[in-house]
2 protein chains.
Amino acid sequence: MHCRHAMIWASLERTLQDRHNVGASEYEVLDRLAEATHGKLRVQELADAVCLSQSALSRLIARLESAGLVVRAMCDMDRRGIFVEMTGEGRSRHAEARSTHLAVLGEMLTDQWVVPPSLSKSAGPKA
Amino acid sequence: MHCRHAMIWASLERTLQDRHNVGASEYEVLDRLAEATHGKLRVQELADAVCLSQSALSRLIARLESAGLVVRAMCDMDRRGIFVEMTGEGRSRHAEARSTHLAVLGEMLTDQWVVPPSLSKSAGPKA
DNA sequence: AGCAATTTAATGCAGATGCATTAAATCCCC
DNA sequence: GGGGATTTAATGCATCTGCATTAAATTGCT
């Protein structure tokens, strides 16, 4: 029932990780940030956008930060809130990953009735 | 992009776990076994059916076995292979969980434009 | 028959996730 | 203004997952 989607997601995960050192969830966060006005969003806004638990998102942001792709900044309007802002590095990483993302989606949507799962073995799609 | 599906899956996960003490992946395995002739399948056949890595499936089966829902049995045709067979307990658990599974799916498909994610907070759907 | 290549399932290990809890800041009602 | 309820983000903890490796059994080629 959820296999098709899981395969696409797994393929995104593998390929993005291999080529750009970014997981699929991480890419999704970068994507939301890229869409945002100034590449800057509050953690909570991200939480509404990405379908991860709050804790998972928190740690994901920590990973992105230590990778230098985003920075966390205090929010002076509401000092509970934290802004997450893309760095230049983050922007370029996202830009690179974006084409891969689209490529994988396209490929999966055309190849799904031809290519086996490539989950158990190491036959990563296009890798 | 994958949020709708992830929400449905998460909801299945939560609800099946809460009500029947069975995860969504575990349910899926039980379901494949239930469909099988004699409620019995080789590990590899399951692997082809459920979209999990081989190792994850192996451990999942171990969990199901310690829960008493399946048993592993040697396969005398090919002594590398392992048969996974539902127990009576496994059958009834699956039967119980099946209605929940259907209920959640139906609910999500009708409520998805009304109900918020219910992921971050403890507002599990229907729980 | 003999032996390398392959297939099958289990396991070590590291990483990601979710739940529950925690700490800080804000809100709101008195 | 004061104090409890609420919101926001981080963290401890347990669990699940996938990759790489391993061990056993089978297959196939000579």
Side-chain angles (χ1 to χ4, degrees), chain A residues 6-7 9-18 21-29 41-48 50-67 70 72-84 117-124 127, chain B residues 6-7 9-18 21-29 41-48 50-67 70 72-84 117-124 127:
Chain A
M7 277 167 53
W9 189 252
S11 181
L12 278 174
E13 183 71 44
R14 286 183 66 92
T15 314
L16 287 174
Q17 192 61 258
D18 285 357
N21 208 41
V22 171
S25 302
E26 269 135 311
Y27 174 79
E28 209 161 19
V29 166
L41 244 40
R42 287 191 46 174
V43 170
Q44 169 130 45
E45 299 177 292
L46 278 172
D48 293 338
V50 298
C51 219
L52 273 181
S53 71
Q54 178 265 320
S55 63
L57 177 59
S58 180
R59 290 180 217 266
L60 190 156
I61 292 168
R63 291 198 296 278
L64 288 179
E65 188 170 40
S66 34
V70 304
R72 279 189 269 214
M74 283 301 172
C75 168
D76 26 347
M77 327 306 274
D78 181 344
R79 292 171 53 209
R80 292 168 304 186
I82 299 280
F83 270 120
V84 182
S118 73
L119 228 184
S120 329
K121 301 301 181 186
S122 53
Chain B
M7 277 167 53
W9 189 252
S11 181
L12 278 174
E13 184 70 45
R14 286 184 67 90
T15 313
L16 288 173
Q17 191 61 259
D18 286 357
N21 208 38
V22 171
S25 301
E26 269 135 311
Y27 174 79
E28 208 161 19
V29 166
L41 243 42
R42 288 190 46 173
V43 171
Q44 168 131 46
E45 298 177 293
L46 278 172
D48 292 339
V50 299
C51 219
L52 273 180
S53 70
Q54 177 265 322
S55 64
L57 177 60
S58 179
R59 291 177 216 268
L60 191 154
I61 291 168
R63 291 197 296 278
L64 288 179
E65 187 169 42
S66 34
V70 305
R72 279 189 269 213
M74 282 301 172
C75 170
D76 27 346
M77 324 307 272
D78 181 345
R79 291 169 55 209
R80 291 169 303 184
I82 300 280
F83 270 119
V84 182
S118 75
L119 228 184
S120 329
K121 300 301 180 186
S122 52

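A note on names: the letters A, B, ... follow the listed sequences, proteins ahead of strands, and every chain is numbered from 1.
For the OP1/OP2 pair of C/dA10 and a distance below 4.0 Å, the side-chain nitrogens and oxygens of B/Arg63 include no atom meeting the criterion. Remark: B/Ser53 is not in phosphate contact with D/dC19, judged by side-chain N or O atoms under 4.0 Å from OP1 or OP2. Residue B/Arg80 places none of its side-chain N or O atoms closer than 4.0 Å to OP1 or OP2 of D/dA25.
Side-chain atoms of B/Gln17 and B/Val22, non-hydrogen and from C-beta on, never get closer than 4.5 Å to each other. Counting only heavy atoms from C-beta outward, the side chains of B/Ile61 and B/Leu46 approach each other to under 4.5 Å.
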- Message: Checking A/Val84 against A/Val29 for the side-chain contact (heavy atoms from CB on, under 4.5 Å) test, could you report, in this order, the C-alpha distance in whole Å, the side-chain angles of both residues, the deciding distance, and whether it holds?
- Response: CA-CA 10 Å; A/Val84 182; A/Val29 166; 5.7 Å; no
- Show your reasoning for whether side-chain contact (heavy atoms from CB on, under 4.5 Å) applies to B/Glu28 and B/Leu52. CA-CA 11 Å; B/Glu28 208 161 19; B/Leu52 273 180; over 6 Å; no
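Listed nucleotides C/dA9, D/dA25, D/dC19 differ in distance to B/Gln44; the shortest reach to its side chain belongs to C/dA9. For A/Leu52, taking side-chain heavy atoms from C-beta onward, the closest of the listed nucleotides D/dG18, C/dG18, D/dA10 is C/dG18. Of the candidate nucleotides C/dA10, D/dT17, D/dA9, D/dT17 has the atom nearest to the side chain of B/Ala56. When distances are taken from the side chain of A/Arg72 to each of C/dT8, D/dA10, D/dA20, the shortest belongs to D/dA10. Among the nucleotides C/dA9, D/dA25, D/dA10, the one closest to any side-chain atom of A/Ser58 is D/dA10. Comparing C/dT26, C/dA9, D/dT8 by their nearest atom to the side chain of B/Ile82 picks out C/dA9.
When rounded to the nearest whole Å, the span between CD of A/Gln54 and P of D/dT7 equals 14 Å. Here the C1' atom of nucleotide D/dG18 and the CG atom of B/Leu57 are 13 Å apart, to the nearest Å. Counting to the nearest Å, the P atom of D/dG18 and the CG atom of A/Leu12 are 15 Å from each other. Taking atom CZ on B/Arg79 and atom C1' on D/dA24, their separation rounds to 9 Å, with Å as the unit. When the P atom of C/dC19 is taken as reference, atom CD of B/Glu13 falls 9 Å away, rounded to whole Å. Rounded to whole Å, the distance from CG on A/Leu64 to C1' on D/dA9 is 16 Å. Between the CD1 atom of B/Ile61 and the C1' atom of C/dA9 there is a distance of 9 Å, given to the nearest Å. Distance CD (B/Glu45) to C1' (C/dT7): 14 Å, rounded to an integer number of Å.
With sequence neighbours left out, the side-chain contact (heavy atoms from CB on, under 4.5 Å) criterion links A/Gln44 to A/Asp48.
Comparing the axis of the opening five pairs of the helix from C/dA1-D/dT30 to C/dC30-D/dG1 with that of the closing five pairs yields an angle of 30°, rounded to 10°.
Residue-level contact check: B/Arg59 touches the bases, meaning some heavy atom is under 4.0 Å from a base atom.
When all heavy atoms of B/Leu16 and B/Tyr27 are compared, the pair lying nearest together is CD1-CB, 3.7 Å.
At least one donor-acceptor pair closer than 3.5 Å links the side chain of B/Glu65 to the backbone N or O of B/Arg72. In this structure, the side chain of A/Ser66 engages the main chain of A/Arg63 through a donor-acceptor pair within 3.5 Å.
With DNA chain C read from its 5' end, the first of the two nearest nucleotides for A/Ser55 and A/Asp76 is the one closest to A/Ser55.
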